[in-house]
Amino acid sequence: MIQQPPETLDVPDVIPIFPLPKVVLLPGEMLPLQIFEPRYLDMVRDAIATHQVIGMVEVEPGFEDQMPESPPVQAVGCLGYIASHEELPDGRYLIFLLGIQRFTINDELAATTAYRQVRVDYDSASEEPKEMASIIGLRGELREMLPGLVDLDDDARQQFEGHMPEVTDAQLIALASQILEIDSERKRELLEARSVADRFVMVYEDLYRHLDKTPGIDHPEPNKLN
């Protein structure tokens, strides 16, 4: 069962990290993970027993072959809340991690645990009212168009479209990144963007790049960006 984080989640400034190559978690995104390596099984058990959060960080490109050890990671990551977990008979865990907060790594601790731990600063993308007002049309167009890019039957598409007005800005950006199959490099740019409005402009640009590459999809006139 998927659980939402409490409204007043007290996030720690020292968190465990889960480094993966070419994986970037965005705020509002739900990431399914299968955990089987012993040190990360320990990490999940400890997180479930305490704060229920894990820091997702991308391994720096070119260091993927160091995965069994401790490869260098990107400085900016995303805190994920364990929204669902299931321990399988063979000891593996299936978890759903909900992205909730961007962070920057300050330093890595000499941890006594088998998994890595870091001290972080949290920093949300800004949501200045004037900037958010400037992308109202763009945001509405994303809500309208994204359901049409998913392979669904008519009933499922209607349900999807019916839920779109309830989707938060963070969820809409994360949803667009999944539907448009945005790669990890671009997702890292989204994560590191200065503002939520900048993120919307970026996925809007990606939407029209996707339409240019996809024959048979109607091409509406794009909104002008202020």
Side-chain angles (χ1 to χ4, degrees), residues 2-11 23-32 52-58 74 76-84 96-104 120-150 152 157-211 220-226:
I2 301 294
Q3 294 181 336
Q4 292 296 319
E7 291 185 7
T8 55
L9 180 63
D10 186 15
V11 294
V23 174
V24 176
L25 179 66
L26 295 174
E29 183 177 15
M30 191 73 77
L31 177 66
Q52 287 191 251
V53 295
I54 293 170
M56 287 300 303
V57 289
E58 184 187 14
Q74 299 287 350
V76 177
C78 184
L79 190 71
Y81 176 79
I82 300 176
S84 174
F96 281 87
L97 205 61
L98 174 63
I100 55 174
Q101 177 72 49
R102 179 174 68 186
F103 64 77
T104 301
V120 300
D121 285 331
Y122 296 103
D123 170 35
S124 297
S126 70
E127 298 185 64
E128 292 292 333
K130 186 175 180 180
E131 288 186 329
M132 296 304 293
S134 72
I135 52 102
I136 287 175
L138 176 156
R139 184 168 44 184
E141 190 170 328
L142 281 170
R143 291 181 190 274
E144 181 180 344
M145 292 186 63
L146 288 176
L149 303 180
V150 184
L152 298 171
R157 191 181 310 283
Q158 286 182 358
Q159 289 183 2
F160 191 3
E161 291 172 348
H163 286 299
M164 289 303 287
E166 305 166 11
V167 171
T168 67
D169 285 343
Q171 290 169 338
L172 183 57
I173 291 166
L175 186 62
S177 77
Q178 293 175 339
I179 292 174
L180 301 175
E181 298 181 344
I182 294 174
D183 63 26
S184 61
E185 183 177 354
R186 181 62 163 177
K187 285 185 73 176
R188 188 169 69 250
E189 292 175 356
L190 285 170
L191 179 63
E192 296 176 355
R194 177 191 60 83
S195 69
V196 173
D198 286 347
R199 287 176 179 165
F200 269 111
V201 171
M202 292 166 69
V203 296
Y204 190 74
E205 293 169 346
D206 291 331
L207 168 66
Y208 276 86
R209 274 193 286 267
H210 177 83
L211 294 175
E221 186 69 24
N223 279 304
K224 293 183 179 179
L225 306 181
N226 294 329

Locate the shortest heavy-atom distance separating [X] from [Y]; write the atom from each residue and the value.
X    : Y    : value
P32  : F96  : CB-CE2, 3.7 Å
E166 : G162 : OE2-O, 4.3 Å
T104 : V76  : OG1-CG2, 4.0 Å
M145 : Y208 : SD-OH, 4.1 Å
R157 : L152 : NH2-O, 3.0 Å
A193 : A125 : O-CB, 4.0 Å

Inter-residue atom distance [X].[atom1] - [Y].[atom2], 0.5 Å rounding:
X    : Y    : atom1 : atom2 : value
E127 : D169 : CD    : CG    : 6.5 Å
R199 : I135 : CZ    : CD1   : 12.0 Å
L97  : Q52  : CG    : CD    : 10.5 Å
I54  : I82  : CD1   : CD1   : 4.0 Å
E161 : L146 : CD    : CG    : 11.0 Å
S124 : R102 : OG    : CZ    : 7.0 Å

Do [X] and [Y] have side-chain heavy atoms sitting under 4.5 Å apart?
X    : Y    : value
L149 : L207 : yes
Q74  : V24  : no
L79  : P27  : no
L172 : V203 : no
V11  : Y81  : no
E144 : E141 : no
V201 : E205 : yes
L175 : M164 : yes

Open item on the list: Would the distance check show the side chain of R186 and the main-chain N or O of S177 forming a donor-acceptor pair, the cut-off being under 3.5 Å?
Closed with: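 No, because the side chain of R186 does not come within donor-acceptor range (under 3.5 Å) of the backbone of S177.
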
Task: Any donor-acceptor pair under 3.5 Å from R143 side chain to V167 backbone - done: yes

Open item on the list: Checking S195 now: which residues fulfil side chain to side chain contact (heavy atoms under 4.5 Å, CB included) with it, not counting sequence neighbours?
Closed with: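 Expected list: S126, E131, A197, D198.
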
Open item on the list: Given M56, which partner from the list V23, L191, L26 fulfils the side-chain contact (heavy atoms from CB on, under 4.5 Å) test?
Closed with: V23

Task: Full working for side chain to side chain contact (heavy atoms under 4.5 Å, CB included) between F103 and V57 - done: CA-CA 10 Å; F103 64 77; V57 289; 3.7 Å; yes

Task: Test: E29 and K187 ion pair at under 4.0 Å - done: yes

Open item on the list: Taking the basic N atoms (NZ, or NE/NH1/NH2) and the acidic carboxylate oxygens, is any pair closer than 4.0 Å for R194 and D123?
Closed with: no

Task: With D10 via side-chain hydrogen bond (donor to acceptor under 3.5 Å, both in side chains) - residues at least two apart - done: none

